[in-house]
> 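One structure is given below, represented as structure tokens, and several questions about it will come after.
What you see is a predicted model; the values in this text were computed from it and never measured.
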Amino acid sequence: MMLNRSRTFAAIAIAAGLCLGTAACGSSGSSGGGGNAAGGVADGKPLDPNATVTISIDCAPGADQAAGKANYADDLALFKVKYPNVTVDAKPYVGQCEVPAQQTAEYKAHDETGAYHAYFTDQEQTLNSGDAADISAYVNDQTVPGYSTMLPSVKQNLGTGGKTYALPINYYSTGLVYNRDLFKKAGLNPDQPPTTWDQLQADAKKIAALGNGITGYEDYSGGNTGGWHFTSELYSLGGQMVNAGGTKAAFNSPQGKQVLQRLHDMRFVDHSIGATPVTQWADAFPPLATGKVGMFIGAPDVVKHLIEVLGADKNAFGLGPMPGASGPGNSLGGGDLYYFKKGQTPNQIKAEIAWIDFEYLTPDAGQFNFSRAATLAGSSKDPVAISIPEPYFWASNSPQINQITSSLKTNGNLPLSNYDPYVNNPTSSVNEPPAAQQLYKVLDTAMSAAMTDPNANLDQVLSTAETQANQILANQ
């Protein structure tokens with residue numbers, strides 16, 4: 001569950017008739033012919049630059065992402081140069097791009113945009129809706145350069161049964177986000193974040209002792225993010241969410257109990273976790289941005305969100321590896337995708353693939369246009385964060401990674417040494433479990449009990465969650 005974009009082309013975008021919203025745009029069903037017959041052909045070739053087509057896509061940066069919104073408008077204008085007859089109806093969001101309940105409602109109503117966002121964890125629900133198109137015939141190294149060199153851990157989330165249904169736009173591996181300033185004030189070494197949960201608990205207690213409303217560690221207990229964090233912490237200790245066949249819950253284990261017991265002790269014995277439950281995704285970030293939280297489990301783009309959306313000090317944060325039992329532990333891997341709605345013409349799908357490739361999968365363009373971001377950072381009052389270390393989509397020796405690495409070295413504006421503990425201690429990434437969002441919702445209750453009920457029976461809490469999870473898995 002992640003986060004994620006100077007303005008030179010913004011006026012051009014408006015003049016060219018590009019859309020951010022729905023008011024003046026046609027539906028995703030409108031399409032005309034260009035060099036192809038009307039609607040085009042699913043022939044594995046890129047979109048004809050002369051084709052006339054209107055497409056729709058959700059999760060464009062909204063009002064709370066000034067830099068991202070401006071860059072997205074610029075990119076739409078640049079895309080218009082290559083495809084002058086393509087109109088992109090881009091629907092913006094504020095806060096969290098995808099709210100699980102809202103997504104489920106859209107699937108039930110079959111109300112998705114032409115290209116629609118989902119997380120890696122959403123594959124089963126998305127495909128079960130019956131609305132996702134098989135794009136296998138459209139995707140190759142010609143239409144999506146570098147497709148063949150994408151990491152297996154990414155590609156396995158793009159489809160199933162030998163068919164491809166989605167393209168990735170973000171890929172992450174969890175670690176420890178921490179406030180270097182609070183580490184210094186608490187007498188801790190900001191260049192040596194904790195690498196075990198015992199160390200993290202001890203450091204959190206020292207940070208909380210600073211007083212003034214400062215919390216040593218923050219964690220989720222609702223909104224499906226509680227269960228998501230439980231999974232991440234369970235994996236870090238070597239535990240499993242489900243058995244090898246994915247048919248039974250496996251989290252009612254010593255590692256699962258350890259996760260809940262530690263959080264319970266940190267809340268009610270150490271008082272290093274705050275008394276106010278963090279039940280929604282967005283609620284975790286304001287106290288992090290204002291220096292009221294010492295540590296938090298998250299992906300590297302948490303730092304980008306804190307700086308660009310909430311205006312936090314870009315020098316304040318460090319990144320460390322996911323803590324484990326006796327050293328850095330396994331990390332939870334995940335990411336974001338775009339699926340493509342059935343019933344569209346081949347030209348619409350080609351145009352959506354072309355836009356997603358340009359905006360999210362092309363070095364030195366779209367989200368990887370670091371030179372533009374550097375120019376914006378030097379000329380705008382809006383904060384821009386460049387150089388967050390991410391495990392990108394491609395193999396380490398691919399041309400895409402080489403281009404990105406070179407551009408970051410030239411254009412980065414963040415203190416890269418702050419992230420050395422994360423970069424220099426790579427951990428094994430474990431994918432999210434089947435029926436992930438449903439299991440996360442069940443485990444929200446367990447996380448809430450651990451951090452809100454001083455008398456919680458954690459064995460009973462885990463047993464109840466296990467029973468509910470098994471019912472979910474039995475119906476998959």
Side-chain angles (χ1 to χ4, degrees), residues 1 95-96 98-105 119-122 124-125 174 197 201 215 217-237 239-243 246-285 287 293 296-298 332 334 430 432-476:
M1 297 183 179
Q96 185 177 2
E98 178 190 315
V99 178
Q102 178 182 332
Q103 180 195 34
T104 299
Y119 298 121
F120 281 12
T121 54
D122 297 327
E124 189 163 9
Q125 180 184 201
T174 51
W197 283 100
Q201 184 174 357
T215 295
Y217 179 72
E218 183 178 56
D219 216 330
Y220 284 117
S221 59
N224 289 27
T225 49
W228 178 51
H229 268 217
F230 174 90
T231 302
S232 184
E233 293 159 23
L234 177 75
Y235 284 170
S236 76
L237 295 169
Q240 298 295 323
M241 281 288 287
V242 298
N243 64 8
T247 58
K248 294 283 187 179
F251 56 75
N252 187 3
S253 63
Q255 294 93 340
K257 174 68 178 296
Q258 186 177 339
V259 170
L260 297 185
Q261 188 65 59
R262 188 180 301 278
L263 293 175
H264 188 271
D265 291 348
M266 291 174 71
R267 167 67 185 91
F268 295 106
V269 179
D270 298 349
H271 303 290
S272 57
I273 290 177
T276 303
V278 184
T279 59
Q280 299 300 319
W281 173 83
D283 294 346
F285 302 114
V293 172
F296 178 76
I297 296 298
L332 176 64
V430 183
E432 295 178 89
Q437 293 295 344
Q438 295 177 71
L439 297 188
Y440 294 167
K441 185 175 182 179
V442 165
L443 284 158
D444 277 351
T445 303
M447 293 287 277
S448 179
M451 290 183 282
T452 63
D453 183 359
N455 300 311
N457 183 333
L458 299 180
D459 289 323
Q460 183 60 53
V461 164
L462 272 178
S463 179
T464 300
E466 178 186 32
T467 298
Q468 294 172 341
N470 283 337
Q471 291 172 346
I472 292 169
L473 294 169
N475 292 320
Q476 297 304 302

> Mind checking ring pair (Phe, Tyr, Trp, His ring centres under 6.0 Å) for Phe120 and listing every partner two or more places apart, or none if nothing turns up?
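Scan of Phe120 (ring pair (Phe, Tyr, Trp, His ring centres under 6.0 Å), adjacent residues dropped) gives none.
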
> With rounding to the nearest 0.5 Å, note down the distance linking CG in Leu263 to OG in Ser221.
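The distance works out to 10.0 Å.
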
> Run the side-chain hydrogen bond (donor to acceptor under 3.5 Å, both in side chains) test against Asn470 and tell me which residues pass, sequence neighbours left out.
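Asn470 satisfies side-chain hydrogen bond (donor to acceptor under 3.5 Å, both in side chains) with no other residue.
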
> So among Thr279, Leu260, Val278, Thr452, which one has a side-chain contact (heavy atoms from CB on, under 4.5 Å) with Met447?
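When Thr279, Leu260, Val278, Thr452 are each tested with Met447, the side-chain contact (heavy atoms from CB on, under 4.5 Å) holds only for Leu260.
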
> For residues Val461 and Asp453, determine if any side-chain heavy atom of one lies less than 4.5 Å from a side-chain heavy atom of the other.
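They are not in side-chain contact.
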
> Mind checking the CG-CD spacing from Leu443 to Glu466? Nearest 0.5 Å is all I need.
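It comes to 10.5 Å.
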
> Going by side-chain contact (heavy atoms from CB on, under 4.5 Å), name the residues that satisfy it together with Val293, two or more places apart in sequence or in a different chain.
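For Val293, the residues satisfying side-chain contact (heavy atoms from CB on, under 4.5 Å) (neighbours in sequence not counted) are Thr215, Glu218, Pro287, Leu288.
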
> May I ask you to check whether Trp228 and Thr121 show a side-chain donor-acceptor distance below 3.5 Å?
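There is no such pair (donor and acceptor under 3.5 Å, judged by atom type) between the side chains of Trp228 and Thr121.
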
> So, Thr231 and Glu432: side-chain donor and acceptor under 3.5 Å apart, yes or no?
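The answer is no; no qualifying pair exists.
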
> Which word best sums up how the rings of His264 and Phe268 line up, parallel for under 30°, tilted for 30 to 60°, or perpendicular for over 60°?
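Tilted.
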
> Let me confirm one number: the OH-CG distance from Tyr235 to Leu237, rounded to the nearest 0.5 Å.
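Here the interatomic distance stands at 13.0 Å.
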
> Could you pull out all residues at least two apart from Arg267 that satisfy side-chain hydrogen bond (donor to acceptor under 3.5 Å, both in side chains)?
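With sequence neighbours excluded, Arg267 shows a side-chain hydrogen bond (donor to acceptor under 3.5 Å, both in side chains) to no residue whatsoever.
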
> Return yes if some donor-acceptor pair links the side-chain N/O of Asn224 with the main-chain N/O of Tyr440 below 3.5 Å, else return no.
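It does not hold such a pair.
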
> List in chain and number order the residues that pass side-chain hydrogen bond (donor to acceptor under 3.5 Å, both in side chains) with Gln261, two or more places apart in sequence or in another chain; answer none if no residue qualifies.
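Partners of Gln261 under the side-chain hydrogen bond (donor to acceptor under 3.5 Å, both in side chains) test: Asp265.
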
> Measure the CD1-CD distance between Ile297 and Glu233 for me, rounded to the nearest 0.5 Å.
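It comes to 6.0 Å.
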
> Testing the basics here: between Gly256 and Leu462, what is the closest heavy-atom pair and its distance to 0.1 Å?
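Closest approach of Gly256 to Leu462: C-CD1, 3.7 Å.
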
> Just by distance, no angles: are the side chains of Thr464 and Gln460 close enough, under 3.5 Å, to form a donor-acceptor pair?
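Yes, a side-chain donor-acceptor pair sits under 3.5 Å.
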
> Find out whether Pro433 and Phe251 are in side-chain contact, i.e. whether some heavy atom of one side chain is under 4.5 Å from a heavy atom of the other.
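Not touching, per the 4.5 Å side-chain cut-off.
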
> Ignoring hydrogens and geometry, is there a side-chain-to-backbone donor-acceptor pair from His271 to Met266 under 3.5 Å?
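No; zero donor-acceptor contacts below 3.5 Å.
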
> To the nearest 0.5 Å, what is the distance between CD (Gln96) and CD (Gln280)?
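Here the rounded value is 8.5 Å.
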
> If you look at every heavy atom in Ala469 and Ala249, which pair is closest and at what distance?
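Between these two residues, the closest heavy atoms are CB-CB, 3.9 Å.
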
> What's the spacing between Leu473 CG and Lys248 NZ if we round to 0.5 Å?
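Between atom CG of Leu473 and atom NZ of Lys248 there are 9.0 Å.
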
> Looking at Gln437 and Tyr119, what are the two nearest heavy atoms and their distance?
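Closest pair (atom of Gln437, atom of Tyr119, distance): NE2-CD1, 4.2 Å.
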
> List the atom of Ser253, the atom of Leu234, and the distance in Å for their closest heavy-atom pair.
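It is OG-CD1, 4.2 Å.
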
> For the residue pair Phe296 and His229, categorise the inter-ring angle as parallel (less than 30°), tilted (30 to 60°) or perpendicular (more than 60°).
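Plane angle between 30° and 60°, so tilted.
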
> If we ignore hydrogens and angles and just use 3.5 Å, is the side chain of Tyr217 paired with the main-chain N or O of Ser272 as donor and acceptor?
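Absent.
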
> Can you name the side-chain hydrogen bond (donor to acceptor under 3.5 Å, both in side chains) partners of Asn243, sequence neighbours left out?
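Thr247.
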
> Can you name the nearest heavy-atom pair linking Asp444 to Gly227, along with the distance?
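Looking at all heavy atoms of both residues, the closest pair is OD1-N, 2.9 Å.
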
> Where do Ile472 and Ala435 come nearest, in terms of heavy atoms and distance?
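So the minimum-distance heavy-atom pair works out to CG2-CB, 3.9 Å.
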
> Any heavy-atom pair between the side chains of Asp122 and Glu98 that's under 4.5 Å?
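Side chain of Glu98 against side chain of Asp122, heavy atoms only: contact under 4.5 Å found.
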
